[in-house]
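A quick write-up on the structure given underneath.
Note that these values count all heavy atoms, side chains included, but never hydrogens, waters or copies made by symmetry. All ligand and atom numbering here is 1-based and tracks the order in the structure. Residue indices begin at 1 and follow the sequence shown.
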Amino acid sequence: MTETKQDKPKILMVDDKPENLIVLEKLLAPLNCDLYKATSGNEALSLTLENDFVLALLDVQMPGMDGYEVLEMMSWEERTRHIPVIFITANYADEQHKLKGYEYGAVDYLYKPINETILLGKIKVFLELHEKQMQYKQLQQRYQLILDAAGEGVFGTDTRGVINFINPAGAKMLGYPAEALIGQPFATMLHLNDEQNFSWDNSDFQKTCASGHTYHKGDDNFRRKDSTPLPVEYTASPLHDIHDDYIGTVVVFTDITLRKTVEEQLTHLALYDHLTKLPNRLLFEKTITQTIARARRHNRLMALMFLDLDHFKTINDTLGHDVGDLLLQGVAERLKECVRESDTVARLGGDEFAIILDEVDKIEDAAIIAEKILESLTPPFNLDGHEVFASTSIGIAVYPMSGDTSIALTKNADISMYRAKQQGRNNYRFFTSDMNEQSMQRLNLAHSLRRAVEQDQLYLCYQPKLNLKTGEVTGVEALLRWKHPHLGDIAPAEFIPIAEETGLILTIGEWCLQQVCQQIKTWQTDNIAINRVAVNLSSCQLVQGDLVNLVKTALSDSNLDSSCLELELTETSIMTNPTTSATILQDLHDLGVHISIDDFGTGYSSLGYLKSLPVDSLKIDQSFVHDIAEDPNDAAIVKAIIALAHSMDLTVIAEGVETEAQLQFLDDNHCDQIQGYYFSKPKAAADITDFLVNSAQQDPS
Ligand code: C2E
Ligand code: CA
Ligand code: CA
């Protein structure tokens, strides 16, 4: 029963003589207490069971049950055990009795006749003590209310980690009725045993608190009743008793499920590609490192594949980004179907994907998956009403043969992917160590090429073109040369791709245009009859840089008419970017510059498409010309190209003509012009001057 503030403190007075009780009552009147009287032990006991007394004044000598017996019986009952008792006795000298009283739990003795001052003084001490107890109880109740109402979970443990209280919010979060946790060890009930050997005594939690400090954990899990983890943030503070001894901990915890969910969503955004929902580069890098570590531990192989879609840019440019995005999503789906759950398909950016194959038994396994991927991409994608074909080039690096770190494997997978692309796309290549050698050479060459531009190691050669009907030189083609100070002549086929990769081709291309225009001017000034000079352009020059303005500037700097300049572009470079190319070609054509399609027959564009472009001439690739005299197939192709080109009013030039037989065939089939060693190798500008002068002299017209 709880006592409220309004209740007066109750005092029990017990004496077999009623007159003594009346005296006592008078004496105690000023204390403002509720006084209860009993004239026998029995009566006293029954009153103590019904009321909460602050104090009992108990006569020792009573007939029947004496004071000692009453006190002994009071000690048996929980409710009465703690009532302070003052014995009242006439037996001044009886030390024996006195000790017996203390033994039974009496707190003091008073002697008859009662001295008023002593009596009141002693009682006041007990009343003050009672008052303090009441205040403490109220404070405790208030704390209890706060704990009960708190949204945070609060529980306490003793020094051994046994839970000794928990508030309702805490119990609810953990899914227990509060009573179920009291008396239970924290370690087995609430700690999520991720490490099997959690020991309370060795936990940071306990050690920190035992040393008098607060322990905070921003992200942890407690275990719910149903064994599921409850994500929590908690603070454990040590509890000390009045002697400052450590007696346990108080743990305040909050459910951070919501915070975790948001954090997880943010992490997901940071680690996954939003378009394809595949892991992104960041997650890929983490995964590859882990997979290599696992492979190393278990002495196993693992493989890394780099994939780059073929001609993705063309699809993006012609069908639009939306279709491009759909294609990437479609490819992502098909790639996932080619691998196991334990493998990782990631999108590294753009049209680049990577696949990490965990647990590879033998190298052939990777090849089987690569085949499967190429196969899976063969059926067309139906995207927004468009039927789109996709293929990919795959580079494969296997741990540990092709590298034993993520950096080495990534680099080598990339190198072999590049090789796969070079070797005709829609295929795969395993990394071999000579590739590394070659790529080192490429790196070195890229470095030297940069210097070559600065140190004027580049120069131009010119190769004449001949009109088959008239025998006239119709013009020359400018061909780039590099004389390396130590390595000697380096072929354009070797350094132009590097110049394209490094972007140096833009500087070099601009230099070529300027150089050629100056040379034309020189020839014109010297009265050398030169019709037109052709300059080769790389696809990069079409895409980047302001080509039209560069051409205009080069012409006007040398004060030239635009008709003396011709630009050669391969059909592949036009098709890499058909929309942009068409616009640029039109602008160049409007300027009056001649346009020629180089290496015709090696690309994949159709004559029909070329028809829509402002093209003047077409150069049949030397690979066809090489065998025309012997190979009926090549002969048929060349014949067809000539006929078709003529039907579109295009001038046809055959390049790489080396023999009389080839020349004869071309002449018989009405090819307009030829270019090749049979007639002249590419020559330095000065030698070309002589050549032109001589051929003009030989030619009577
Ligand atoms: P291309 O434009 O097809 O140039 C013709 C290539 O065939 C030249 O090789 C030329 O020397 C070679 N050639 C000419 N007649 C014969 C012959 O009868 N037989 C044989 N076997 N070859 C013959 P080169 O000079 O090594 O150039 C290779 C390629 O490098 C060129 O092919 C062109 O694509 C590129 N290139 C050359 N100069 C430049 C340039 O200034 N800019 C750009 N972007 N590319 C250039
Ligand atoms: Ca050319
Ligand atoms: Ca060519």
Proximity to ligand 1 by part of Ser538, non-hydrogen separation under 4.0 Å: both
3.0 Å cut-off met by an N, O or S atom of Ser596 to the Ca ion (ligand 2): no
Lys/Arg cation over aromatic Phe381: Arg334, 6.0 Å, 45° cone: yes
Heteroatom N/O/S of Glu655 within less than 3.0 Å of the Ca ion (ligand 2): no
Numbered atoms and elements of ligand 1 in range of Glu477, under 4.0 angstrom, heavy atoms: 2 (O), 4 (O)
Option with minimal heavy-atom separation from atom 10 (C) of ligand 1, where the choices are Leu479, Val625, Leu460, Asp598: Leu479
Under 3.0 Å: N/O/S of Asp598 next to the Ca ion (ligand 2): yes
Test side-chain hydrogen bond (donor to acceptor under 3.5 Å, both in side chains) applied to Gln329 and Asp325, step by step: CA-CA 6 Å; Gln329 288 172 333; Asp325 284 354; over 6 Å; no
Expected output: side-chain Asn280 to main-chain Leu282 donor-acceptor under 3.5 Å: yes
Side chain proximity check, Leu304 to Ile396, heavy atoms < 4.5 angstrom: no
Those atoms of ligand 1 less than 4.0 Å from some heavy atom in Ile496: 36 (N), 39 (C), 43 (C), 45 (N), 46 (C)
Main-chain N/O of Leu537 paired with Glu568 side-chain donor or acceptor, under 3.5 Å: no
Under 3.5 Å: N/O of Leu480 near N/O of ligand 1: yes
Minimum-distance N/O/S atom that Glu568 presents toward the Ca ion (ligand 2): OE1
Within reach of ligand 1, part of Gln675 (heavy-atom separation under 4.0 Å): neither
Ligand-residue contact atoms, ligand 1 with Leu537, heavy atoms, under 4.0 Å: 44 (N)
Which segment of Asp621 sits under 4.0 Å of ligand 1 when only heavy atoms are counted: neither
Winner among Ser573, Ala491, Pro492, Ser680 once heavy atoms are compared against atom 30 (O) of ligand 1: Pro492
Residue part near ligand 1, for Ile508, under 4.0 Å between non-hydrogen atoms: neither
Sub-3.5 Å N/O-N/O distance, Gln622 and ligand 1: yes
Atom indices of ligand 1, in the order listed, that fall short of 4.0 Å to a heavy atom of Asp599: 3 (O)
Donor-acceptor contact below 3.5 Å, side chain Asp627 vs main chain Glu630: no
For Glu500, all residues meeting side chain to side chain donor-acceptor pair (under 3.5 Å), sequence neighbours excluded: Ser538
Among Glu655, Glu566, Glu477, salt bridge (charged side-chain N to carboxylate O under 4.0 Å, His left out) partner for Lys465: Glu566
Whether Tyr428 and Phe430 hold their rings parallel, tilted or perpendicular, with breakpoints at 30° and 60°: perpendicular
Gly656 to ligand 1, any heavy atom closer than 4.0 Å: yes
Ligand 1 contact on Gln463 by region, counting heavy-atom pairs under 4.0 Å: side chain
Name of the Glu477 atom (N/O/S only) found closest to the Ca ion (ligand 2): OE2
Any N or O of Glu658 closer than 3.5 Å to N or O of ligand 1: yes
With Phe691 via ring pair (Phe, Tyr, Trp, His ring centres under 6.0 Å) - residues at least two apart: Phe679
Geometric cation-pi criterion Lys421 and Tyr418, 6.0 Å radius, 45° cone: no
Atoms in ligand 1 flagged as close to Pro682, the criterion being non-hydrogen separation under 4.0 Å: 11 (O)
Polar contact flag, side-chain donor to acceptor under 3.5 angstrom, Thr570-Ser573: yes
Distance filter under 4.0 Å to Cys512 heavy atoms, resulting ligand 1 atoms: 41 (O)
Val615 to Ser617 - nearest heavy-atom pair and separation: CG1-O, 3.3 Å
